[in-house]
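Below: one structure, written as structure tokens.
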Amino acid sequence: MENKILGLHHITAIAADAQRNYDFYTKVLGLRMVKKTVNFDDPGTYHFYYGDEHGTPGTILTFFPWENIMPGRTGTGMATEITYAVPEGSLEVWKERLSRFNVAFSEIKEHFGEPYLAFTDPDGLQLNLVVPKTPDTRTPWQTDEVKADIATRGFHSTTLSLKEIDATAGVLTDIFGYRLLAQEGNRYRFMTDAVANAGIIDLLALPDGQRGHTGAGTNHHVAFRVANDAIQMEYREKILSKGLEITPKIDRDYFFSLYFREPGGVLFEIATDNPGFTVDEPLDKLGSSLKLPKQYEPARKDIEKILPVLK
């Protein structure tokens, strides 16, 4: 692995109903529940991780399902779209599948010559399925209903909505090593060549856009990937040198994290590949039982009484 930002690691969003969220992402979209744990700061709330078989960085969508939290408002200063790569010829099949589950979607459109299907999850989170110009060769997780011929391969990109993009673009290019690939209207596509997939960030310039606020159906933060915590700490120094505030290294059990808010207001994280999701469960059992951060293990019985029981 090179000493670079390796595209997206994970994206974290907010939901209002744990069961509904679990059903949608595992049964409708066919993702694997990679880890079922709790919020580090609020152990009475789940933290769900969905991804491919291994929970490979670049495939991981995570949720804080705060029960009955009010809906958020998508707007500037946040990530507003999550886009998954799917195989050529699968979008019509996905339209039929989404219709069967009463999921609202838009007609197929294009960005930068790539066809995509836009829809929302039960909380209103904006999702897209895109057929990339270069086929995504990652091995997908398959279910009885979502086979490899249509299954998501992992992230293609995410979109950040911003009142102005220059300072955010500077973080992407000057610190993270991205480059401006193309522009369509007020959408600017940035890409890193460090990885083959999950390497695209779209910046959407909305100078008159309304500021977003956090709640159900919005994204909480976007995490970028590095190979290990030694490289991670090098990036911490780079970010500090640009005059931005950033947290110390935080142990999240399955990766190490740094957090900072980029100039446009989006919460960024830099997360490591190590140690990975098999640190406390074997590969074939990932996501099958509730895993707690060690500080909460003595309170397991009380925590289990609070958390909704998943069916």
Side-chain angles (χ1 to χ4, degrees), residues 6-15 17-39 45-65 82-87 90 93-94 97-98 100-101 103 119 121-123 125 127-130 136-158 195-198 219-220 222-223 225 252-255 271-292 307-311:
L6 303 172
L8 293 168
H9 184 283
H10 68 270
I11 299 172
T12 295
I14 298 171
D17 184 294
Q19 183 70 57
R20 185 176 67 182
N21 180 265
Y22 172 78
D23 288 345
F24 182 80
Y25 285 94
T26 62
K27 297 175 184 177
V28 179
L29 291 192
L31 305 182
R32 185 181 194 186
M33 170 70 90
V34 173
K35 193 66 62 176
K36 180 171 58 175
T37 182
V38 296
N39 186 305
T45 297
Y46 280 120
H47 192 176
F48 292 157
Y49 292 75
Y50 304 108
D52 68 0
E53 179 182 9
H54 298 266
T56 307
T59 74
I60 308 162
L61 178 58
T62 97
F63 281 91
F64 302 136
I82 297 168
T83 301
Y84 281 96
V86 293
S90 66
V93 182
W94 275 108
R97 180 167 181 78
L98 294 175
R100 191 158 70 248
F101 285 95
V103 177
F119 60 102
D121 83 353
D123 287 293
L125 187 70
L127 302 167
N128 303 316
L129 301 176
V130 67
D136 192 317
T137 59
R138 288 176 287 181
T139 301
W141 176 252
Q142 300 183 66
T143 69
D144 289 343
E145 292 190 12
V146 181
K147 299 298 186 184
D149 60 337
I150 68 166
T152 63
R153 269 46 181 174
F155 295 136
H156 168 274
S157 59
T158 188
V195 285
N197 305 291
N219 290 299
H220 188 271
V222 174
R225 176 187 181 191
R252 294 304 194 195
D253 288 351
Y254 310 112
F255 44 86
T272 64
D273 283 5
N274 60 304
F277 291 105
T278 56
V279 69
D280 59 0
E281 285 179 302
L283 180 62
D284 64 338
K285 300 293 186 184
L286 286 182
S288 62
S289 59
L290 177 66
K291 297 297 178 181
L292 297 178
L307 295 171
V309 177
L310 297 180
K311 300 174 184 176

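- Atom-to-atom distance recorded for L31:CG and F24:CZ is 9.0 Å, nearest 0.5 angstrom.
- Between Y50 and M33, some side-chain heavy-atom pair lies under the 4.5 Å cut-off.
- With a 4.5 Å cut-off on side-chain heavy atoms, L286 and K35 count as touching.
- Between P65 and Y22, every side-chain heavy-atom pair lies at or beyond the 4.5 Å cut-off.
- Checked by atom type, the side-chain pair D136/Y84 shows no donor-acceptor distance below 3.5 Å.
- Annotation for H156 and V130: closest pair CG-CG1, 3.3 Å, computed over non-hydrogen atoms.
- Checked by atom type and distance alone, the side chain of H9 never pairs as donor or acceptor with a backbone atom of D273 at under 3.5 Å.
- Formation of a donor-acceptor pair under 3.5 Å by the R225 side chain with backbone atoms of G7 is not found in this model.
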Checking D280 against D253 for the side-chain contact (heavy atoms from CB on, under 4.5 Å) test, could you report, in this order, the C-alpha distance in whole Å, the side-chain angles of both residues, the deciding distance, and whether it holds? CA-CA 9 Å; D280 59 0; D253 288 351; 5.9 Å; no

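- Proximity of a side-chain donor or acceptor of R97 to a complementary backbone N or O of V28 within less than 3.5 Å is detected.
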Apply side-chain contact (heavy atoms from CB on, under 4.5 Å) to the pair V146 and W141, showing each step before the final yes or no. CA-CA 9 Å; V146 181; W141 176 252; over 6 Å; no

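- Note: F119 CZ to L29 CG = 5.0 Å, rounded to the nearest 0.5 Å.
- Taking OG1 of T56 as the start and CZ of R138 as the end, the distance is 8.5 Å to the nearest 0.5 Å.
- R153 approaches A148 most closely through the heavy-atom pair NH1-O, 2.6 Å.
- Closest non-hydrogen pair, I150 versus W94, comes out as O-NE1, 2.8 Å.
- For the atom pair CG of N219 and CD1 of I14, the computed distance is 8.5 Å after rounding to the nearest 0.5 Å.
- Two residues are said to be in side-chain contact when any heavy atoms from C-beta on lie closer than 4.5 Å; D121 and L127 meet this criterion.
- Applying the side chain to side chain contact (heavy atoms under 4.5 Å, CB included) rule to D17 yields the partners Q19, R20, E67; only residues at least two apart in sequence or on another chain are considered.
- Of the candidates N197, I11, T59, T83, I11 is the only one forming a side chain to side chain contact (heavy atoms under 4.5 Å, CB included) with F155.
- H10 is not listed as a side-chain neighbour of Y49, based on a closest heavy-atom distance of 4.5 Å or more.
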Hey, mind stepping through I60 and V34 against side-chain contact (heavy atoms from CB on, under 4.5 Å) and telling me if it holds? CA-CA 8 Å; I60 308 162; V34 173; over 6 Å; no

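- The CZ atom of F48 lies 12.0 Å from the OH atom of Y25; values are rounded to the nearest 0.5 Å.
- The aromatic ring centroids of H47 and F64 lie less than 6.0 Å from each other.
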Between Y46 and L310, does the side-chain contact (heavy atoms from CB on, under 4.5 Å) criterion hold? Intermediate values first, please. CA-CA 11 Å; Y46 280 120; L310 297 180; 4.1 Å; yes

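- Between the NZ atom of K27 and the CG atom of D144 there is a distance of 12.5 Å, given to the nearest 0.5 Å.
- Heavy-atom minimum distance, A223 versus A271: CB-CB, 4.4 Å.
- Inter-residue side-chain proximity for T152 and P140 is flagged as unmet; no heavy-atom pair is nearer than 4.5 Å.
- In terms of modelled atom types and a separation under 3.5 Å, the side chain of E281 and the main chain of G287 share a donor-acceptor contact.
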